[in-house]
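Encoded as structure tokens, the structure appears first; notes follow it.
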Amino acid sequence: MELVLPDTLTGRPRAVRRKPGRPVALYVCGPTVYDAAHVGHGRNYLVFDVARRFLEAEGIPVRHVMNITDFEDKLDARAEELGVSWRALARREERAFLRDLAALHLLLPQLTPRATEYVPRMVEVARRLMRTGRVYRDGNEWTYTPPHRAAGKNFPTDRQLAAHAVSEPGHPFPESAGRAGAFMIWRLQRPPKPSWPSPWGPGIPGWHLECYAMADRLLGLPVDLHGGGLDLIYPHHYAENEIALEFRGRPFSHVFLHVGFVLIDGSKMSKSRGALVPLRTALNEVGADALRWYLLSTPPTERLPWSPVELARSRAEFLRVRDAVRHWMRASAGGRDSAASARRLAADVRRELARGLATDRAFRRLSAWATTETERGGAVARTDRARARAAFRDIEARTGLRLL
RNA sequence: GCCGAGGUGGCAGAAUGGUUAAUGCGACGGACUGCAGAUCCGUUUCCUGGGGGUUCGAUUCCCUCCCUCGGCUCCA
């Protein structure tokens, strides 16, 4: 069964496909490792985890790449604050971040390339952009200004930006009309801050070149599925896509999926506002399965308001479902049911996930099944136990929940 | 301004063309109780934002208007 996702670039549902004989090329934008993961990160990577699990359960191999941004201004600032080197801080936070994702029972990507290892390739991307004649230098920075694109080629942000700049007179975007959508590709900088040699002098490449260089090298462009949090659409994915359009005339990815924010007090969880719930804290409180249930209980592209009450309710709901499954599977209780009920449930879950990764609807199927089977006191017959188990194993494989 | 998601009973929230539009909370009545709470039983007539259209039939599909929420160069 095909996995159809709401594609952000076209605004339409699109099936995830692959090149014949190749695995699905999945590139998920990773974190800047300067602080602990919060539940917003958790939800983001969780959504791609379920997408990958679904494809693999369908027998489709996935090559899953997630970059680690291990040099960046905020990382420098944090390192200085703590009195450690930016490299040491990045390594430490990277380990913690990946450990927390694994604790949420995520399948970790096969490859987690670090930005620091890709600087020479990013320099090469910058060099090619320099040759387009669309780059200008302003002091220590070189900036690339993309040409105007026809509708549908990229996220419709340049129009937005122009309108936004006009509607807010104090907006710090100087020549907005002509330069909407421009992004930095090289900045001069010296140690102890991150710095690498280049034809333009020592410094650092712009962030957007990172994912382009990595995806091109490790997966080949265009990739099949790409995404991250909704906040990455602009400027990050817009910019990556501009580079792909410049060099190849094709978008960065066949399908873009962007995950809705986890909201706290009505607005986005953010490190700068200090309003966030660390992933580790939530995991310690309710465990991976209940947290997965909660984070996936709203459609992936929609926002999820964080609420301790709802978290507790999700935990209770997950446990109710798990207990119902376990009880139903205990054939020693003299069960008479065939495996049909479990197989139907697995088919329902599969169908809901295939259609837009509707985790919320899939979970509702599980809840409904649990209610029905509990009320009628059903239990599987000993002879059908193996087939029923296989059905639940399939659900587990796709959702990452541990039910049996 | 632009992009996106929505407007269902007092509140929250299901139902992606088909019988009296779920369920939960709240409220009200009753049982129990010295009173209250908790618990249990029952009741809750009244609800699909406005206006067109498609259809035998619309909460559901199309158009339009109004309103709400989120986002719009740190960011998952």
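Every heavy atom of this structure was used, including side-chain atoms; hydrogens, water molecules and symmetry mates were not.
Base engagement by A/Gly40 is indicated by at least one non-hydrogen atom pair under 4.0 Å involving a base atom. As judged by a 4.0 angstrom heavy-atom cut-off over every strand, A/Phe261 is placed among the base-contacting residues. Looking at heavy-atom distances under 4.0 Å, A/Val262 makes contact with a base. At a threshold of 4.0 angstrom between heavy atoms, the contacts of A/Leu230 with the nucleic acid are absent.
Partner A/Phe256 forms a ring pair (Phe, Tyr, Trp, His ring centres under 6.0 Å) with one of A/Phe155, A/Phe48, A/Tyr27 and no other, that one being A/Phe155. Checked options A/Leu55, A/Val24, A/Val50; the residue passing with A/Leu3 is A/Leu55 (criterion: side-chain contact (heavy atoms from CB on, under 4.5 Å)).
The environment of A/Arg134 atom CZ is dense: over 12 non-hydrogen atoms of other residues, nucleotides or ligands sit within 6.0 angstrom. Other residues, nucleotides and ligands contribute over 12 non-hydrogen atoms within 6.0 Å of the CZ atom of A/Arg326. Atom CZ of A/Arg250 has 12 or fewer heavy atoms from other residues, nucleotides or ligands within 6.0 Å.
The CD atom of A/Glu352 sits 14 Å away from the P atom of B/rA14 (whole-angstrom rounding). Taking atom CZ of A/Arg320 as the reference point, atom P of B/rU23 lies 15 Å away to the nearest angstrom. Atom pair A/Leu296:CG and B/rA76:P shows a separation of 19 Å (rounding to whole Å applied). Atom CZ in A/Arg365 sits roughly 9 Å away from atom P in B/rU16 (whole-Å rounding). The CG-P distance, from A/Asp7 to B/rC3, rounds to 17 Å in whole Å. For A/Asn44 and B/rA76, the CG to P distance is 9 Å, given to the nearest whole Å. For the pair A/Asp231 CG and B/rU73 C1', the interatomic distance rounds to 12 Å; values are reported in whole Å. If you measure from atom CZ of A/Phe155 to atom C1' of B/rC3, you get 12 Å, rounded to the nearest angstrom.
Between the P atoms of B/rC41 and B/rC47, the separation comes to 28 Å (whole Å). Taking atom P on both nucleotides, B/rA21 is separated from B/rG9 by 15 Å, rounded to a whole Å. Taking the P atoms as reference points, B/rG49 lies 16 Å from B/rU68, given to the whole Å. The gap from the P atom of B/rU43 to that of B/rC11 amounts to 23 Å, rounded to the nearest Å. B/rA38 sits 30 Å from B/rU45 when the C1' atoms are compared, rounded to a whole Å. Remark: the separation of the P atoms in B/rA12 and B/rG30 is 29 Å, to the nearest Å. For the C1' atoms, the distance from B/rG1 to B/rU8 is 31 Å, rounded to whole Å. Rounded to the nearest Å, the gap between the C1' atom of B/rU48 and that of B/rG7 is 10 Å.
At the phosphate of B/rA15, OP1 or OP2 sits under 4.0 Å from a side-chain N or O atom of A/Arg364.
A 3.5 Å limit on both hydrogen-bonding distances identifies B/rA31 as the Watson-Crick or G-U partner of B/rU39. B/rG24: Watson-Crick or G-U partner is B/rC11, with both key distances under 3.5 Å. Partner assigned to B/rG1 is B/rC72, using Watson-Crick or G-U wobble distances below 3.5 angstrom. If you check B/rU48 for Watson-Crick or wobble pairing at under 3.5 angstrom, you find it has no partner at all.
With B/rG4, B/rU73, B/rA76 as the candidates, the nucleotide lying closest to the side chain of A/Arg303 is B/rG4. Side-chain proximity of A/Tyr234 to B/rA76, B/rA15, B/rU73: nearest is B/rU73. Taking every side-chain heavy atom of A/Arg361 into account, B/rA15 is the closest of B/rA15, B/rU73, B/rA76.
Taking the ring centroids of A/Tyr294 and A/Trp306, they lie under the 6.0 Å cut-off.
Looking at A/Arg364 and A/Glu317, no side-chain N of the basic residue comes within less than 4.0 Å of a carboxylate O on the acidic one, giving no salt bridge.
Checked by atom type, the side-chain pair A/His208/A/Glu242 shows no donor-acceptor distance below 3.5 Å.
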Could you list all N or O pairs between the protein and nucleotides 60-62 of chain B that sit under 3.5 Å apart?
none

Test A/Glu246 against A/Thr132 for side chain to side chain donor-acceptor pair (under 3.5 Å), laying out the working first. CA-CA 9 Å; A/Glu246 176 66 52; A/Thr132 62; 5.1 Å; no
